[in-house]
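Just below is one structure, and these are the notes that go with it.
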Amino acid sequence: MSQGSGEERTEEPTPKRLREAKEKGQVPRSRELNGTIVLIVAAVGLMLLGSVLVDDLAQIMRDALSISRDEVRDPVVLVQQLGSVVGKALWLLTPFMALLVLAAMSGPVSMGGFSFSTKAIAFKAEKLNPIKGLGRIFSAKGLMELLKTVAKFMLVAVVSALLLWSLRMELLSLAYESLGQALRHAGTLFVWAFLALSSVLILVAAIDVPFQLYQHKKQLKMTLKEIKDEAKETEGRPEVKGKIRALQREMSQRRMMEEVPTADVVVTNPTHYAVALRYDRTGSGAPRVIAKGADLIAMRIREIASSHDITIVSAPPLARALYATTELDQEIPAELYVAVAHILAYVYQLDAARSQGGAEPSAPTDLPVPDEFK
């Protein structure tokens, strides 16, 4: 149940919820899987490197004890000798320890991926609360931990008893072997027994891993309200988004109106629509729509065009077709080339008449606008 809301956590966690949980170090982990992997790798490592380690450590020990009487009486020499022995032993054990470190990392990475979070190791006063501590102990997770502990104890006890019974004759035969041979034989028996006991824990890990994944998923489940709140935070509040869209429209219209004075002609409906066209006669492209609008915006386009002596032509079918089919800063459709060419020819003739003082041409009528564009 979600705290204070009364809603059940029935929804799967969102990617944002999973990402935030990982940042806090809240990822699925199984101590049983980690421990089993480390023990098995340690057993295999001893099988592969055990004899070499024992022989080299024995040689280091012999060298350390082979010192003269004068060296024994010199504290400085003894300290140096001790440091040398410890350094050689650590260097010898480094490969084996590195193998164990890799094994210890492989378990957590295989379940929840690599995750390092300072929030997970930060001090939290609530962890010192005895009431919450008792709650964790007597929770479902605490019960599962108790059952795992009992199961591990029973498994190890049973397998240990079976191993001792099956190896009883070999253990008794050690008494009839020489010291060196008995030590090697005992070491081999120990490593194989260690591997067998470690492998038994795979059964516990096989139960614990699905349980930990289930618990992790259950803890991260969300209520419908939490999902809605997250969506609002991620995508923005509706009122804020509406305000942003309004500002964007206002900025777009402002930029569009700034382009109207550069138009060659404005084609109107005559009152409902207005489309401003610009044509670069030095280029190879078609005329472009640099501004368009309906009703109040159309009126504003006409006002700006009039104040800058831009020719306004009333051609309702063409105005509607241009408004519906062409976006801002796009070339007009090929189907409207002829109709727009008539308009531009009229504009150029009108400009020439006004500059040279001749008779003004008549505005074009019955423009060839295809039926599908009307």
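Cluster membership for Leu102 and Val109, using ILVMFWY side-chain heavy atoms within less than 4.5 angstrom, is not shared. Linking ILVMFWY side-chain heavy atoms closer than 4.5 Å, directly or via other members, places Leu350 and Val313 in a single hydrophobic cluster. Note on Val54 and Val85: separate hydrophobic clusters, where clusters join Ile, Leu, Val, Met, Phe, Trp and Tyr whose side-chain heavy atoms are under 4.5 Å apart, directly or indirectly. Note on Val159 and Ile202: same hydrophobic cluster, where clusters join Ile, Leu, Val, Met, Phe, Trp and Tyr whose side-chain heavy atoms are under 4.5 Å apart, directly or indirectly. There is a path of hydrophobic side-chain contacts, each under 4.5 Å, that joins Leu49 to Trp192.
Listed by chain and number, the residues in a salt bridge (Lys or Arg N to Asp or Glu O under 4.0 Å) with Arg184 amount to none (sequence neighbours excluded). By the salt bridge (Lys or Arg N to Asp or Glu O under 4.0 Å) test, Asp208 is found to be paired with Lys148, residues two or more places apart in sequence or in another chain being considered. Applying the salt bridge (Lys or Arg N to Asp or Glu O under 4.0 Å) rule to Arg19 yields no partners; only residues at least two apart in sequence or on another chain are considered. In terms of the side chain to side chain donor-acceptor pair (under 3.5 Å) criterion, Asp74 has no residue partners (sequence neighbours excluded). In this structure, the side chain to side chain donor-acceptor pair (under 3.5 Å) partners of Gln59, at least two apart in sequence or on a different chain, are Arg62, Asp63. For Arg254, the salt bridge (Lys or Arg N to Asp or Glu O under 4.0 Å) partners are Glu250, not counting sequence neighbours. In terms of the ring-ring contact (aromatic ring centres under 6.0 Å, His included) criterion, Tyr279 has no residue partners (sequence neighbours excluded). Residues forming a side chain to side chain donor-acceptor pair (under 3.5 Å) with Thr262 (at least two apart in sequence, or on another chain): Arg278.
The closest side-chain heavy-atom distance from Arg320 to Asn269 is below 4.5 Å. For the pair His216 and Arg29, the minimum side-chain heavy-atom distance is 4.5 Å or more. Counting heavy atoms from C-beta outward, Arg302 and Ile312 have side chains that approach closer than 4.5 Å. In this structure the side chain of Asp264 never reaches within 4.5 angstrom of the side chain of Pro287, judged on heavy atoms. Counting heavy atoms from C-beta outward, Leu277 and Leu322 have side chains that approach closer than 4.5 Å. Counting heavy atoms from C-beta on, the side chains of His308 and Val260 never come closer than 4.5 Å. Side-chain contact between Leu344 and Val265 is present, with heavy atoms from C-beta onward closer than 4.5 Å.
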Under 3.5 Å donor-acceptor pairs involving side-chain atoms of residues 327-342, not counting sequence neighbours:
{"unit_1": "Gln330", "atom_1": "OE1", "unit_2": "Glu327", "atom_2": "N", "d": "3.3"}
{"unit_1": "Glu331", "atom_1": "OE2", "unit_2": "Ala286", "atom_2": "N", "d": "3.4"}

For residues 352-359, run the donor-acceptor check on the side chains, cut-off 3.5 Å, and write out each pair with its distance to 0.1 Å, sequence neighbours left out.
{"unit_1": "Ser355", "atom_1": "OG", "unit_2": "Asp351", "atom_2": "O", "d": "3.1"}
{"unit_1": "Ser355", "atom_1": "OG", "unit_2": "Ala352", "atom_2": "O", "d": "3.0"}

Just list the side-chain donor-acceptor pairs under 3.5 Å for residues 86-100, sequence neighbours left out, or say none.
{"unit_1": "Thr94", "atom_1": "OG1", "unit_2": "Leu90", "atom_2": "O", "d": "2.8"}

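Remark: Glu303 engages Arg300 in a salt bridge, criterion side-chain N to carboxylate O under 4.0 Å.
Ring geometry for Phe211 against Tyr214 counts as tilted: the plane angle lies between 30° and 60°, on a 0 to 90° scale.
Considering every non-hydrogen atom in both Gly293 and Ile301, the closest pair reads N-CD1, 3.8 Å. Considering all non-hydrogen atoms of both residues, Ala315 and Leu367 come closest at CB-CD1, 3.8 Å.
The hydrophobic cluster of Ile290 has no other members, since no ILVMFWY side-chain heavy atom comes under 4.5 Å of it.
In this structure, the separation between OG on Ser199 and CG on Leu201 is 8.5 Å, given to the nearest 0.5 Å.
Formation of a donor-acceptor pair under 3.5 Å by the Glu226 side chain with backbone atoms of Thr223 is found in this model.
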